[in-house]
2 protein chains.
Amino acid sequence: MKLTSKGRYAVMALADLANFNSVNPVSLRDISLRQGISLDFLEQIFSKLKRHNIVKSIRGTNGGYILNKDPVQIKLANILNAVDEEVKTVQCKKDSKKGCNNKTSKCITHNLWDELEMHINYFFEQKNLKDLITNTSEGRN
Amino acid sequence: MKLTSKGRYAVMALADLANFNSVNPVSLRDISLRQGISLDFLEQIFSKLKRHNIVKSIRGTNGGYILNKDPVQIKLANILNAVDEEVKTVQCKKDSKKGCNNKTSKCITHNLWDELEMHINYFFEQKNLKDLITNTSEGRN
DNA sequence: TGAATACTTGACTAAATTACTCAGGTATAT
DNA sequence: ATATACCTGAGTAATTTAGTCAAGTATTCA
Ligand code: FES
Ligand code: FES
């Protein structure tokens, strides 16, 4: 049960972006250098974040990305969903009547895993980017 | 962020075992057939469960496994820990001072992931095998 | 205008992990 | 004796992850 780099990097990069939340766009190159994340990988990630309207892009010299919404409105759930990081606790198909290993009904543990999934998703729904900025006690806002 | 088969199967198999919680041991062959899990894979899993004193084994004809404790005392956390399914939300070393990507300090998202890890582990601490047997109605204390 | 910057896109690949299988063995009941 | 069923370690195919690589396009500024 672990978080992928893609998901972690997406949040990390957006936290960086939120921290430098000035009028000026922030280039991926800067984020790459500050956070030690591969530029090419960041590009993949931001392409998805843009498609999900979490960031806006500005091309050309002095271009970069800026947040498309107020940090408080960007939930962790939105970010992770954008980069296809999904919480998956069961093997069986969600909408199918079949259970694990193609059995004809849902198994005895199915409800448990559903509960777990909800439990985790609740966390992602509660937390937003703003929480990440103000939590650092860096005294900046 | 997903649960591995090993972890899911371990819980599934123990739930099966708890359901047939008679005086007689339950063979892995039976569990394999009932739950559709590979026998060889089950043997790997039960070897670990036994090493962690979650089950007891009885060899020979009519042998099998029985629970080593009352189902209410077997927490999900114990089971998952036994089969090496660990919750891992960060990349950085837990006890090191270094952060992600070998940076000199913990990154801005570190606390968030720690919180998430605690949030998930809390779930695993709360739930036990008994919850899985007497389930059906959401009798959460 | 032209060079530099920085976003855009898709394909590709090495490394790691997962989910097993396989090939032996040992203990016990009948 | 034989069948049953636990026990152990090594090996391996399939999948996923974590990127890289290559070839663009748009914008700014000197
Ligand atoms: S987890 Fe859904 S049927 Fe087993
Ligand atoms: S998650 Fe621990 S330093 Fe980034």
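What you see is a predicted model, and the numbers here were worked out from it, not measured in a lab. Each chain gets a letter, A, B and so on, in the order its sequence line appears, and its residues count up from 1.
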[X] side-chain N/O to [N] phosphate OP1/OP2 under 4.0 Å:
X	N	result
T61(B)	dA3(D)	no
S38(A)	dT20(D)	yes
S57(B)	dA5(D)	no
S27(A)	dT5(C)	no
K6(B)	dT18(C)	no

Check every strand shown and say whether [X] touches a base, only sugar-phosphate, or nothing at a heavy-atom separation below 4.0 Å.
X	value
Y9(A)	sugar-phosphate
T4(B)	sugar-phosphate
Y65(B)	sugar-phosphate
N62(A)	sugar-phosphate

Can you tell me if [X] uses its side chain to pair, donor with acceptor, with the backbone of [Y] under 3.5 Å?
X	Y	answer
H119(A)	H119(B)	yes
K106(A)	K97(A)	no
T109(B)	L112(B)	no

Whole angstrom is fine here: how far is it from [atom1] in [X] over to [atom2] in [N]?
X	N	atom1	atom2	value
D30(B)	dT4(D)	CG	P	12 Å
D40(B)	dT21(C)	CG	P	6 Å
I58(B)	dA29(C)	CD1	P	9 Å
F41(B)	dA10(D)	CZ	P	18 Å
I37(A)	dT17(D)	CD1	C1'	15 Å
N101(A)	dC20(C)	CG	P	8 Å
N24(B)	dC6(D)	CG	C1'	17 Å
K88(B)	dT17(D)	NZ	P	15 Å

Nearest of [options] to any side-chain atom of [X]?
X	options	value
L28(B)	dC6(D), dC7(C), dA19(C)	dC6(D)
K2(A)	dT8(C), dA23(C), dT17(C)	dT17(C)
E43(A)	dT9(C), dC22(C), dT20(D)	dT9(C)

*Kindly indicate whether the side chain of R29(B) and the base of dT4(D) share any N or O donor-acceptor pair separated by less than 3.5 Å?*
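Flag unset: no donor-acceptor pair detected.
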_Any donor-acceptor pair, under 3.5 Å, between the side chain of Q44(A) and the base of dT20(D), if you only look at N and O atoms?_
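Answer yes: a donor N or O sits under 3.5 Å from an acceptor.
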*Evaluate side-chain contact (heavy atoms from CB on, under 4.5 Å) for Y122(A) paired with E117(A), printing each intermediate quantity in order.*
CA-CA 8 Å; Y122(A) 176 80; E117(A) 203 165 307; over 6 Å; no
*asked:* On DNA chain C, compare the nucleotides closest to G63(A) and R51(A); which residue's is nearer the 5' end?
replied: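 Per heavy-atom nearest nucleotide, the more 5' residue is G63(A).
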*Report the residue (G60(B) or R59(A)) whose heavy-atom-nearest nucleotide on DNA chain C is the more 5′ of the two.*
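The answer here is R59(A).
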_Could you tell me if R51(A) sits above the aromatic ring of F46(A), with its cationic atom closer than 6.0 Å to the ring centre and no more than 45 degrees from the axis?_
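The answer is no, since R51(A) fails at least one limit relative to F46(A).
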*In this structure, are over 12 heavy atoms from other groups packed under 6.0 Å from K88(B) atom NZ?*
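Atom NZ in K88(B) is crowded, with more than 12 foreign heavy atoms closer than 6.0 Å.
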